[in-house]
Participant: 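The following block contains the structure, expressed as structure tokens.
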Amino acid sequence: MASPAPAPTLTAAAPPSRLARFLDSDLFANFRRSKLAMVAFAATVLFVALALLAPIISPQNPYDPAQLELMNASLPPLWYADGQAPFLIGTDDQGRDVLSAVFYGMRLSLLVGVLGVLLSGFIGIGLGLIAGYAGGWIDTIIMRVADVQLTFPAILIALIVDGVAKAVAGGHMEADAQIALIVVAIGLSFWVQYARTVRGSVLVEKNKDYVQAGRLIGLSAPVILTRHILPNVTGPVFVIATINLALAIITEATLSFLGTGLPETMPSLGTLIRTGNRFLFSGEWWIVAFPGLALAGLVLAINLLGDWLRDALNPKLQ
């Protein structure tokens, strides 16, 4: 007599990956329905890719004086009769390829903007968590400092920080130190939005049951803040960070254009615009036009992406 077949064993299905959960989320579905968001995302990815691949795709390294030839100075774009390959959009007064300078300048502008946003987010989120959770006089002091800073434009705060630091250093700073200074100036200019937003979210979250349960089992305040409350307030933070990235890039460009930002030896988009502005009325319009268009396109793409993200994460608009 044949033995009975063994009963089939049931195996638990593997949980979906984070990527699978994201692709199945309402946020991604909203993204696919918004053509403007898709175009803005594609444009942002393109600008970032061009910046990251600048050493590979650029015809010239604008930082290397050995690659510059004065015989190639002030060449017009390639579609002009006097244009020369490989200078697609012309050269500046030093023989520097404008396209290469734009790619490298965009790289530096994005670097400063991202680092500035990370610093401002770190300061603002930390102070917002402390103010909302601790309350009392700690909350009062932090929020009053934030209120005072809101009375000054962000660019003025950046100018003050930059001026004080250069005065302390005696007016001479290395290029790397100037980059760090601009990052600190931007970080100290934009932390208030994070702090006020996170504080408001913490005031709502800290009275919920999961926070009370954490207190009952003896979790410390830092653990409750970082592991339990912080993940629930990241939505508004991402929106602020996206929009502030565009503002940080504009702030860096403004400081560089005014001559208090990055040095001309490390050209950002703002530095290129300042340099090209001197030749605008001499007919060499391409030296300032293309860096300006690159800055406008980059900031516009990031702003459009931030506007979509703000609407997509707002439950009242769903």
Side-chain angles (χ1 to χ4, degrees), residues 43-114 162 166 171-183 249-301:
T44 303
V45 171
L46 176 61
F47 280 119
V48 173
L50 291 175
L52 294 178
L53 298 176
I56 300 175
I57 63 178
S58 297
Q60 180 190 85
N61 182 357
Y63 295 115
D64 186 5
Q67 298 186 25
L68 305 182
E69 295 185 13
L70 291 179
M71 294 294 294
N72 296 327
S74 302
L75 291 176
L78 194 59
W79 56 86
Y80 279 73
D82 297 335
Q84 298 181 16
F87 309 117
L88 180 62
I89 56 176
T91 61
D92 63 8
D93 62 318
Q94 300 178 12
R96 182 169 54 185
D97 178 44
V98 174
L99 183 62
S100 301
V102 168
F103 288 163
Y104 275 87
M106 193 158 48
R107 191 182 196 191
L108 192 54
S109 293
L110 280 169
L111 174 65
V112 173
V114 170
D162 181 81
K166 288 183 177 179
H172 176 73
M173 298 183 68
E174 298 293 335
D176 293 339
Q178 286 188 301
I179 293 178
L181 176 59
I182 295 298
V183 170
I249 293 173
I250 292 177
T251 301
E252 181 278 321
T254 303
L255 291 174
S256 297
F257 182 80
L258 295 175
T260 59
L262 299 178
E264 293 188 6
T265 55
M266 301 188 69
S268 66
L269 292 178
T271 307
L272 294 175
I273 294 173
R274 182 186 69 185
T275 303
N277 190 56
R278 299 198 299 262
F279 304 94
L280 181 60
F281 297 103
S282 64
E284 300 170 6
W285 56 269
W286 56 89
I287 301 178
V288 66
F290 290 107
L293 289 174
L295 177 63
L298 175 62
V299 171
L300 178 61

Participant: Rounded to the nearest 0.5 Å, what separates atom CG in Leu255 from atom CD1 in Ile250?
Facilitator: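 Reported to 0.5 Å precision, the distance equals 12.0 Å.
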Participant: Which donor-acceptor pairs under 3.5 Å do side chains of residues 69-76 form with protein atoms, sequence neighbours excluded?
Facilitator:
unit_1, atom_1, unit_2, atom_2, d
Ser74, OG, Glu284, OE2, 3.3

Participant: Could you check if a side-chain atom of Trp286 sits within less than 4.5 angstrom of a side-chain atom of Phe87, using non-hydrogen atoms only?
Facilitator: no
Participant: As an exercise, state the distance from CG of Leu110 to CG of Leu298, rounded to the nearest 0.5 Å.
Facilitator: 5.0 Å
Participant: Is Phe103 close to Ile57 at the side-chain level, that is, under 4.5 Å between some pair of heavy atoms?
Facilitator: yes
Participant: State, with a plain yes or no, whether a side-chain heavy atom of Arg274 is found less than 4.5 Å away from one of Ser256.
Facilitator: no
Participant: Could you grab the distance from atom CZ of Arg96 to atom OG1 of Thr275, nearest 0.5 Å is fine?
Facilitator: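 Separation between the atoms: 6.5 Å.
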Participant: Going by side-chain hydrogen bond (donor to acceptor under 3.5 Å, both in side chains), name the residues that satisfy it together with Arg107, two or more places apart in sequence or in a different chain.
Facilitator: none
Participant: Of all heavy-atom pairs between Ser100 and Asp97, which one has the smallest distance, and what is that distance?
Facilitator: OG-OD2, 2.7 Å
Participant: Might you point out which heavy atoms bring Ala294 and Phe47 nearest each other, and give the distance in Å?
Facilitator: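 The pair with the smallest heavy-atom distance is O-CE2, 4.2 Å.
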Participant: Within the 4.5 Å heavy-atom criterion, are Ile89 and Leu78 side-chain neighbours or not?
Facilitator: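 In short, these two side chains do not touch, never coming nearer than 4.5 Å.
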Participant: Are Asn277 and Ile287 packed together at the side-chain level, in the sense that at least one heavy-atom pair is separated by less than 4.5 angstrom?
Facilitator: no
Participant: Which pair of heavy atoms, one from Pro291 and one from Ile273, lies closest together, and at what distance?
Facilitator: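 Closest approach of Pro291 to Ile273, heavy atoms only: CB-CG1, 3.9 Å.
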Participant: Quick one: are Tyr104 and Pro55 in side-chain contact, heavy atoms under 4.5 Å?
Facilitator: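 A side-chain contact under 4.5 Å exists here.
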Participant: If we check side-chain contact (heavy atoms from CB on, under 4.5 Å) with Ser109, which of these qualifies: Val114, Leu269, Leu272?
Facilitator: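 Considering Val114, Leu269, Leu272, a side-chain contact (heavy atoms from CB on, under 4.5 Å) with Ser109 is found only for Leu269.
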Participant: A side-chain contact here means heavy atoms from C-beta on lying under 4.5 Å apart; do Ile179 and Leu108 qualify?
Facilitator: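 Result yes, sub-4.5 Å side-chain heavy-atom pair found.
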Participant: Indicate the atoms forming the closest heavy-atom contact of Gly95 with Gln60, along with that distance.
Facilitator: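 For Gly95 versus Gln60, the nearest heavy atoms are O-NE2, 3.5 Å.
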